[in-house]
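Right, one structure below, let's go through it.
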There are 2 protein chains.
Amino acid sequence: MPGTPAVPAGKRPTLADVAARAGVSTALVSIVMRDAKGASAATRERVLQAAREIGYRPDARARLLRSQRSRLLGVQFGLQHPFHTDLVEGLYAAAEPAGYQIALSAVAAGRGEQRAVESLLADRCEALILLGPQAPAARLAELAGQLPVVSVARRLRPSVPGLEVVRTADDEGARQAVDHLVALGHRDIVHIDGGRAPGAADRRRGYRTAMNRHGLAEHIRILPAGLTEEDGADAARALSADRPHPTAVMAFNDRCATGVLDVFLRAGIAVPDDISVVGFDDSHLARLAHIDLTTVGQDIPRLAHLAVSRAVARLEGDKSPAGEDVITPRLVVRSTTAPPSL
Amino acid sequence: MPGTPAVPAGKRPTLADVAARAGVSTALVSIVMRDAKGASAATRERVLQAAREIGYRPDARARLLRSQRSRLLGVQFGLQHPFHTDLVEGLYAAAEPAGYQIALSAVAAGRGEQRAVESLLADRCEALILLGPQAPAARLAELAGQLPVVSVARRLRPSVPGLEVVRTADDEGARQAVDHLVALGHRDIVHIDGGRAPGAADRRRGYRTAMNRHGLAEHIRILPAGLTEEDGADAARALSADRPHPTAVMAFNDRCATGVLDVFLRAGIAVPDDISVVGFDDSHLARLAHIDLTTVGQDIPRLAHLAVSRAVARLEGDKSPAGEDVITPRLVVRSTTAPPSL
DNA sequence: GTTCTGATCTAGAACGTTCTAGTAACTAGA
DNA sequence: TCTAGTTACTAGAACGTTCTAGATCAGAAC
């Protein structure tokens, strides 16, 4: 009864609707929408006008179905890891200028890596970027056989054929932490270990090697823990019972280190006066003014950028064998380390 | 030249490939894949076998394109908010039994709410679940005109037509916090405020009302801050210069409260002996053994469940006007509150 | 006046599914 | 033997795009 209804009620407008309204073919509308060449300026404007009027919005699924390329990078990440969420932020920033979109799939309680990856594959991602994957090497190899896969922050030894790796030199990071503490005068340096977490083995090894090189072999002490605040807190509780305390602690990561810090503060052990603490990652946690943690900085934007680059290179036909980017970490000295008290 | 290649190299297998291999029609394969009825047990097994052999995986996009329903719930969340990531975990858990999938879209630096929502719409989500949206009411109204939209943890006054709301009774939560502190004997209770963050206005109001009801009007003191650890730390620094200190602090949320805690510990102000601290949210941050924060618990699984329910009800034809679920929070007493020292 | 060239536009076939409408082959009741 | 009702299956048209292969028409070159 009224004039022209803006939208045919209930159905979202399609290319055909726009085409009808502008009096052109759907193919032409498609051209205009993609900003492809093959339409005159005048028609282009007319089509855009029509699209605006009926509130047309391209259907990403139909678009991806038809075009060979999906230009979609699937990212698997741990919802509760600040280091991962920082990385995701970097991935968004890196993917856009390369002309790719990011599809997120979270690993959470009740949703394992298997499920997360399944959903990315079903969504037709062209490549996968896995943050700190825990899956067995065989599974990663199988995936890498199907599409380009980049593992971020997890080293694989022996290397998995076809799998791209972007990681920080964890052993070197641990070395820097130990060197820093030794330079301050510490000898009794404990490592709170990440267990089976990605990177943990290398950090442990780096710690051992550095201690040995400083002639501190008999001071090597490794406390098994994990990657969460609670793991760090547990280890710190065990430590604070010791007399005398070690004078310094190198924690597996920042989450772990904040757990350590808090227990020490509560136990009346002053940081850094009584004991120094070093973290790992330089996630935004460490940068917070009230934590202000000395930590081994992973260059998060760089890691993100390289991960995207590797994926994209693969997709754009790079046939060279899969490789590895190893980023040198850089110690960020803040206020949780100082010379040991006499 | 060899026998049957497992996969026709480079292309992912489709229904037609499975059909050819099993010697049936694509329609039948579709039936088997969807676990629909209309296939005998024998054929079913034969088809599944063929699918397994060539590594067939359904194409989610083609599937969604064809079926009227996408059964996809779009979720917008803040990458760096533990409260949001906790909620997302709950949403995954709630969506699955209802037969819906979750599509995530993060708000991050350089990726605003507008962008996040655009991508969810292009992906054909049937409904949107927005966690703590900051968008203006007019924008939310516009969206709600297009599809079912649920706002979680943000109240809208006046209510936006068509917009579903699921939230905690923030004023009531603030009241509980004040009541608890007053019952312990506190009178000098400061509120560290969330500014323009969703929920902040109600918490502020609840604090004021409760203080008035206890006859503590002249003790009302509100420190402007925000929703991050740093905001809390800044406010705490300001406070710790005061002599005498207030005896209790009610922080806008848990992130803010951890900032407060840490500054106090560093300044040698004992919690809870010298001063009590209450947070808000009961995100996993608060539950960590080494923080062990008394906090106003938002029932996160319940909020998630209700958000999904509201979206689903809308999608399954519920025509009643949009409504609001207001969940009563429950104070979780842990170790950061105690009677004031004499 | 032809033929070419380039720009603008269109018809119609993909893409990989699901859905509708049917066919074929049984069983069962009369 | 005939009809009716199942059950198992299939052909072919959707879904909303993009892509291929032209069609049409101007102007330029000969």
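Chain A is the first sequence line, chain B the second, and so forth, proteins listed ahead of strands; every chain is numbered from 1. Only heavy atoms go into these numbers, but all of them, side chains included; no hydrogens, no water, no symmetry mates. As the structure is a computational prediction, the values presented were derived from the model and not from experiment.
Checked against side-chain contact (heavy atoms from CB on, under 4.5 Å), A:Leu64 has the following partners two or more places apart in sequence or in another chain: A:Ser70, A:Leu72, B:Arg61.
A salt bridge (charged side-chain N to carboxylate O under 4.0 Å, His left out) with A:Arg310 holds for exactly one of A:Glu316, A:Glu324, A:Glu164; it is A:Glu164.
The pair B:Asp17-B:Arg12 does not count as a salt bridge, with every side-chain nitrogen at least 4.0 angstrom from each carboxylate oxygen. Contact check on A:Glu118 versus A:Arg111 returns no salt bridge, with no Lys/Arg side-chain nitrogen under 4.0 Å from an Asp/Glu carboxylate oxygen. Between A:Arg52 and A:Glu45, at least one side-chain N (NZ, or NE/NH1/NH2) sits under 4.0 Å from a carboxylate O, which counts as a salt bridge.
Taken from CZ in B:Arg71 to CD in B:Glu126, the straight-line distance is 7.0 Å, to the nearest 0.5 Å.
A donor atom on one side chain and an acceptor atom on the other are found under 3.5 Å apart for A:Ser30 and A:Arg34.
Between its two ends, the helix from C:dG1-D:dC30 to C:dA30-D:dT1 turns its axis by 60°, counting five pairs per end and rounding to 10 degrees.
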Inset, instruction - Take nucleotides 9-20 of chain D nucleotide by nucleotide from the 5' end and write B, S or -, depending on whether a protein heavy atom sits under 4.0 Å from the base, only from the sugar-phosphate, or from neither. - result: BBB--BBBBBB-
